[in-house]
Amino acid sequence: MMNTLNTEKSAEKPFRKTGNPVELTSESPLHPRRKSHRIMVGSVPVGGGAPISVQSMTNTLTANVPATLQQIAELTAAGCDIVRVAVPSQDDADALPEICRKSPVPIIADIHFQSKYVFQAIDAGCAAVRVNPGNIRKFNEVGPSICKAATDAGISLRIGVNAGSLDKELYAKYGGPTPEALVASALKEAHMFEDVGFHDFKISVKHHDVITMVETYRLLASKGDWPLHLGVTEAGPAWQGTIKSCLAFGALLAEGIGDTIRVSLSAPPVEEVKVGCKLLEYMGLRPRKFDIISCPSCGRAQVDVIQLASAVTEGLKDVTAPIRVAVMGCIVNGPGEAREADLGVASGNGKGQIFIKGKVIETVPEDQIVDTLLTKAQEIAVQMEADGLVPVNATGPVVVPIQHPNR
């Protein structure tokens, strides 16, 4: 059964939590966004053209409330819009009320096997619950009650299908976790919800292989208008997982597929958020923040570009103003790139020409380049804030809608 919700009417549906009309929409510069109906994860809209949100998951023991809240704060500061916490035990479930009450962003409870924790999470004030009907005991019996509890609380759910936990019958039927098998599992579970009149859910169909993951989401996207949560599961260590995620997300987002993302890395969760935010910035789907352009270094370079770029990046890591800084090491492309940036340096012969908005403002010795760039960047950031170009407390696309004046 295909979800036949009217997407135009759905896009006009008020936010349940805030009561405000839908104002936040985001369009890709590369391809029209896929039509999906909108759900809410707390105050964060997902689907229906809403800006693509970034999610991550804590790796603390959820029952350790101080540690979990500290990590949530770090994720929020990095730009995370939604945070998921694991709830494998009763102690974790008991910690949810305090976590939800004190968290600055919506909390999703990640629950497997024990349906009682789903109800506890809803009562605790979680903005959403991630469930896998395939591993919830007696889901056919408890599913309708879960949907009713979620409806009464005004929260959404996520169906999470993973290659590693595919239903045995589907695995045998399709010969493994193929795109067709994963989508069949997702459709089966979606229909469980829809058959009892529940539509406030999003779907993920994750696989560790980039090509399989992309093919799976493409197939699922053609079957209905559910909001889609993108993820490459078990993507690997930071460098490998970043490449996998950027390839998979880039391919799908370039086709307009995807409403919220989670980069899964074997690394501190904040690194997932950094990758996710920058990915959306470079895809034109999130307002640009600080960005550095630097040459790769070569035999023409007359300055240590690698050290220089690293020092500038580190010195400006806390800048949120959308400043583009160019750090160039020779006269071939240096002056041109520096002129195009808000702030730049073209280095050579033991000195650097400092550019602001295309004009050389001064020439400084090589050992003063970093300090000069940092000082000028801070001055530009302060001016941008004074000019209203840096929204107060803006941490993600939900706060800062994308504007396309030429559309």
Side-chain angles (χ1 to χ4, degrees), residues 1-5 7 10-11 25-39 46-55 130 132-134 158-167 170-171 173-191 193-194 199 201-236 241-264 275-276 279-280 282-286:
M1 177 174 68
M2 182 176 289
N3 191 325
T4 56
L5 288 178
T7 56
S10 179
T25 57
S26 175
E27 194 60 72
S28 169
L30 298 174
H31 194 282
R33 291 278 297 279
R34 163 184 169 267
K35 299 295 184 183
S36 63
H37 73 268
R38 180 168 293 191
I39 65 171
V46 176
I52 296 169
S53 50
V54 174
Q55 301 191 26
R130 183 276 177 111
N132 186 338
R158 170 160 77 95
I159 295 172
V161 178
N162 273 21
S165 57
L166 183 64
D167 178 83
L170 291 174
Y171 189 99
K173 178 180 179 179
Y174 291 95
T178 65
E180 293 77 13
L182 293 169
V183 170
S185 177
L187 294 180
K188 176 183 176 182
E189 296 172 3
H191 297 159
F193 288 145
E194 293 171 339
H199 299 279
F201 62 89
K202 61 182 182 290
I203 304 178
S204 66
V205 281
K206 297 184 178 183
H207 198 286
H208 69 272
D209 178 73
V210 170
I211 294 174
T212 303
M213 180 270 199
V214 171
E215 291 177 341
T216 302
Y217 275 97
R218 282 174 176 166
L219 181 59
L220 180 60
S222 72
K223 300 295 185 181
D225 71 343
W226 310 282
L228 299 182
H229 169 117
L230 301 187
V232 178
T233 190
E234 290 97 33
T242 295
I243 294 171
K244 280 187 175 182
S245 297
C246 288
L247 285 171
F249 294 179
L252 291 167
L253 293 172
E255 297 174 14
I257 297 172
D259 300 291
T260 184
I261 65 173
R262 190 256 171 122
V263 177
S264 298
V275 173
L279 171 63
L280 292 180
Y282 294 144
M283 292 291 294
L285 288 163
R286 177 177 281 237

**Prompt:** In terms of side-chain geometry, is the basic nitrogen of R33 or D259 positioned less than 4.0 Å from the acidic oxygen of its partner?
**Reply:** yes

**Asked** How would you list all residue pairs meeting salt bridge (Lys or Arg N to Asp or Glu O under 4.0 Å) that involve residues 204-216, not counting sequence neighbours?
**Response** none

**Request:** Under the side chain to side chain contact (heavy atoms under 4.5 Å, CB included) rule, what do V54 and R286 come out as? Steps first, then yes or no, please.
**Result:** CA-CA 10 Å; V54 174; R286 177 177 281 237; 3.3 Å; yes

**Chi angles and distances behind the side chain to side chain contact (heavy atoms under 4.5 Å, CB included) call for L230, L253** = CA-CA 9 Å; L230 301 187; L253 293 172; 4.1 Å; yes

**Asked** So, S53 and T260: side-chain donor and acceptor under 3.5 Å apart, yes or no?
**Response** yes

**Message:** Are L280 and I261 packed together at the side-chain level, in the sense that at least one heavy-atom pair is separated by less than 4.5 angstrom?
**Reply:** yes

**Donor-acceptor contact present, side-chain Y217 to main-chain V205, <3.5 Å** = yes

**Minimal non-hydrogen separation, A186 against I203, with atom names** = CB-CG2, 3.9 Å

**Prompt:** Are side-chain heavy atoms of S264 and V232 found at a separation under 4.5 Å?
**Reply:** no

**Message:** Just so I know, are the side chains of L228 and R34 near enough to count as touching, which here means a heavy-atom distance under 4.5 Å?
**Reply:** yes

**Exam field: side chain R38 to backbone G47, donor-acceptor pair closer than 3.5 Å** = yes

**Request:** Return yes if some donor-acceptor pair links the side-chain N/O of H37 with the main-chain N/O of H199 below 3.5 Å, else return no.
**Result:** yes

**Request:** Might you work through the side chain to side chain contact (heavy atoms under 4.5 Å, CB included) test for T178 and V183, ending with a clear yes or no?
**Result:** CA-CA 9 Å; T178 65; V183 170; over 6 Å; no

**Heavy-atom pair with the smallest gap, counting every atom of G231 and M213** = O-CE, 3.4 Å

**Asked** Hey, which of H229, E189, K202 is the one that makes side-chain contact (heavy atoms from CB on, under 4.5 Å) with I159?
**Response** E189

**Message:** Counting C-beta onward and ignoring hydrogens, is there a side-chain heavy-atom pair between Y174 and L182 closer than 4.5 Å?
**Reply:** no

**Asked** Counting heavy atoms not belonging to I243, are there more than 12 under 6.0 Å from its CD1?
**Response** yes

**Prompt:** What pairs of residues pass the salt bridge (Lys or Arg N to Asp or Glu O under 4.0 Å) test when at least one of them lies in residues 243-257, not counting sequence neighbours?
**Reply:** R218-E255

**Request:** For R158, check salt bridge (charged side-chain N to carboxylate O under 4.0 Å, His left out) against everything at least two apart and list the hits.
**Result:** none

